[in-house]
Protein chains: 2
Amino acid sequence: MKVNPYSALRTLATVTSQPIRQPKPQTAPRAPRRDALRNDAIVINAARAVFAELGPQASMETIATRAGLGVGTIYRRFPGKDALLDAIARLLTEEIDQAAAAALEDPDPGAGLERFLEFVGAFHAEKRRYAAALTDRVADDDAVSARTADRVLRLTQKAVDAGYLTQGVTADDIKALIVALRGVVAASPDGDDAPWRRFLRIHLTGLRAD
Amino acid sequence: MKVNPYSALRTLATVTSQPIRQPKPQTAPRAPRRDALRNDAIVINAARAVFAELGPQASMETIATRAGLGVGTIYRRFPGKDALLDAIARLLTEEIDQAAAAALEDPDPGAGLERFLEFVGAFHAEKRRYAAALTDRVADDDAVSARTADRVLRLTQKAVDAGYLTQGVTADDIKALIVALRGVVAASPDGDDAPWRRFLRIHLTGLRAD
DNA sequence: TGTTAAGGTGAATATGGATTCCGCTTTGGA
DNA sequence: TCCAAAGCGGAATCCATATTCACCTTAACA
């Protein structure tokens with residue numbers, strides 16, 4: 001069993017009668033080191049690159065090498081591989097959220113929706129190797145996730161109201177289209193955008209018909 | 001290094017001068033044992049069940065237990081887990097092929113196509129946990145695979161000729177729809193068929209519109 | 001019914017990674 | 001410039017499987 005280091009210190013202090021500088025209880029002890037802050041981003045970027053190339057089963061060793069760091073460093077910031085994936089998932093959700101926000105700005109709701117869906121397609125194409133491993137990593141009731149869901153909902157409603165989409169189309173239909181797109185992308189040869197673009201076109205036709 | 005057991009036997013034979021019963025070269029040595037034949041199917045069925053439940057990362061141990069056999073027995077028939085997955089993939093391709101064949105029989109090409117796609121959706125729903133791990137396990141130029149591809153091609157052409165699908169729709173569009181369906185199924189809650197059915201409906205509308 | 005090889009078993013082994021740990025290095029702060 | 005504390009590195013450890021193998025059973029055939 002391990003000895004509690006704090007009790008040892010306290011004992012020593014008593015014996016030597018040295019005044020102890022008590023750090024003010026809630027004061028931040030010290031500024032975080034610059035390299036530590038930098039590495040945080042380096043790790044995530046390396047992980048994204050490696051996962052994109054090798055898929056989610058890429059080893060921590062590989063990620064560390066790519067980052068130019070030791071494995072231990074990764075574990076200092078992220079509890080484990082799973083947490084790393086979670087962090088990436090949140091980051092990507094954020095990116096999708098940005099795109100949704102931008103789409104909502106478009107004065108033409110139909111154009112905005114199309115732009116958003118094309119972004120999603122390209123997004124999945126870039127992450128084809130590990131996109132599937134990201135599902136369910138961000139809880140539905142997570143702040144970002146909820147915000148995005150709300151944006152998609154409004155995007156859909158605006159498109160319906162503007163007459164771009166048929167009456168009766170819901171946000172769930174758009175979500176289904178998004179995961180479908182992922183399936184098409186995953187099954188197409190790397191770098192070939194034509195299949196998912198065509199697929200998107202056709203499905204939108206279906207969503208617009210009476 | 002390991003000694004070749006055959007040379008050892010040969011040496012013994014020479015020394016003792018015993019006549020060796022040479023089995024007639026090309027004669028089938030013996031009929032396969034009944035239990036062996038039976039186990040072959042037992043293993044595949046157990047594997048299908050376990051994969052459906054736990055996904056493709058289920059252990060060989062689990063499969064063996066489910067089959068009521070020892071792990072070694074599985075390895076006697078299949079070189080390894082990968083080969084087991086391959087075998088299942090081929091089997092499932094065969095099932096899809098059957099469905100395609102049946103659909104071609106339908107006097108109404110449109111109804112036949114719809115029936116086929118609904119079969120595919122239900123098929124994926126049943127295998128939602130491991131369907132993704134099956135892709136690319138059966139080569140495109142494999143006999144069954146090629147036959148199925150041809151059937152889908154004919155199914156599509158008939159549907160176009162009959163005016164059910166718009167002019168210009170190709171077999172690739174149907175294949176894309178199939179993988180898309182897989183994506184939708186994978187993202188829906190277990191056992192809920194409504195999402196993929198609705199999705200199929202909508203996409204077919206898109207494929208039928210001018 | 002006896003002989004024998006095919007077939008079955010599952011403990012032992014091999015392997016590939018994830019995760020931990022501790023000595024060494026760097027940085028913040030006085 | 002000096003002293004910790006915060007960080008880093010990466011070999012050592014741990015673990016969860018896949019796979020092998022030496023020995024035991026059982027079915028086929030005479």
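Just so it is clear: chains get the letters A, B, ... in the order the sequence lines come, proteins before strands, and each one is counted from 1. Excluded from the calculations below are hydrogen atoms, water molecules and symmetry mates; all remaining heavy atoms, backbone and side chain alike, are included.
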Check: Phosphate oxygens OP1/OP2 of C:dG8: is one of them under 4.0 Å from a side-chain N or O of B:R77?
Finding: yes
Note to self: Looking only at the side chain of B:A31 (C-beta and beyond, no hydrogens), which of the listed nucleotides C:dG17, D:dC29, D:dT17 gets closest?
What the structure shows: D:dC29
Note to self: Heavy atoms from C-beta onward define the side chain here; which of D:dA5, D:dA18, C:dT20 lies closest to that of A:V71?
What the structure shows: C:dT20
Notebook entry, point to check: Separation of A:F78 atom CZ from C:dT19 atom P, in whole Å?
Noted result: 13 Å
Notebook entry, point to check: If you find the nucleotide of DNA chain D closest to B:D35 and the one closest to B:E61, which residue's nucleotide is nearer the 5' end?
Noted result: B:E61
Notebook entry, point to check: Touch check for B:A58, heavy atoms < 4.0 angstrom, all strands: base, sugar-phosphate only, or nothing?
Noted result: sugar-phosphate
Note to self: With nearest nucleotide decided by heavy atoms, which residue, A:P32 or B:G72, maps closer to the 5′ end of DNA chain C?
What the structure shows: B:G72
Check: Looking at C:dG8, C:dG28, D:dC29, which one has an atom nearest to any side-chain atom of A:R30?
Finding: C:dG28
Check: How long is the line joining CD of B:Q57 and P of C:dG17, in whole Å?
Finding: 16 Å
Margin query: Less than 4.0 angstrom between a side-chain N/O of A:Y75 and OP1 or OP2 of C:dT19, yes or no?
Written below: yes
Note to self: Is the shortest side-chain heavy-atom distance between A:L207 and B:I202 below 4.5 Å?
What the structure shows: yes
Next item on the list: Take the protein atom CD1 of A:I74 and the nucleotide atom P of D:dG10, then report the distance between them rounded to whole Å.
Entry: 12 Å
Next item on the list: Mark yes or no for a side-chain to base donor-acceptor pair under 3.5 Å between B:R76 and C:dG8, with no hydrogen or angle criteria applied.
Entry: yes
Next item on the list: May I ask you to decide if the ring planes of A:Y130 and A:F51 are parallel, tilted or perpendicular, using 30° and 60° as cut-offs?
Entry: tilted
Note to self: Side-chain N or O of A:T73 versus OP1/OP2 of D:dG7: is the shortest distance under 4.0 Å?
What the structure shows: no
Item checked: Between P of D:dT17 and CD1 of B:I63, the distance in whole Å -> 12 Å
Notebook entry, point to check: Closest heavy-atom contact between B:V169 and A:R198?
Noted result: CA-NH2, 4.1 Å
Note to self: Taking the side chain as everything from C-beta on, heavy atoms only, tell me whether B:D106 gets closer than 4.5 Å to B:F116.
What the structure shows: no
Margin query: From the set D:dG9, C:dG28, D:dT19, return the single nucleotide nearest to any side-chain atom of A:L69.
Written below: D:dG9
Margin query: Output the rounded distance in Å from CG (B:L37) to C1' (D:dT26).
Written below: 15 Å
Notebook entry, point to check: If you look at every strand shown and take non-hydrogen atoms under 4.0 Å, does B:A83 touch a base, only sugar-phosphate, or nothing?
Noted result: nothing
Check: Can you find a pair of side-chain heavy atoms, one from A:R129 and one from A:D190, that are under 4.5 Å apart?
Finding: yes
Item checked: Separation of D:dG7 P from A:I42 CD1 (nearest whole Å) -> 15 Å
Notebook entry, point to check: Could you state the NZ-P distance from A:K81 to C:dG16, rounded to the nearest angstrom?
Noted result: 15 Å
Next item on the list: Go through the N and O atoms of the side chain of A:R33 and the base of C:dT26, and report whether any donor-acceptor pair is under 3.5 Å.
Entry: yes
Notebook entry, point to check: Does any non-hydrogen side-chain atom of A:L92 lie less than 4.5 Å from one of A:V138?
Noted result: no
Checklist line | D:dG7 OP1/OP2 closer than 4.0 Å to side-chain N/O of A:N39 | finding: no
Next item on the list: Rounded off to whole Å, could you give me the CZ-to-P distance for the A:R38 and C:dT26 pair?
Entry: 12 Å
Notebook entry, point to check: Start at the 5' end of DNA chain D and walk down; is the nucleotide closest to B:D82 or to B:R34 reached first?
Noted result: B:D82
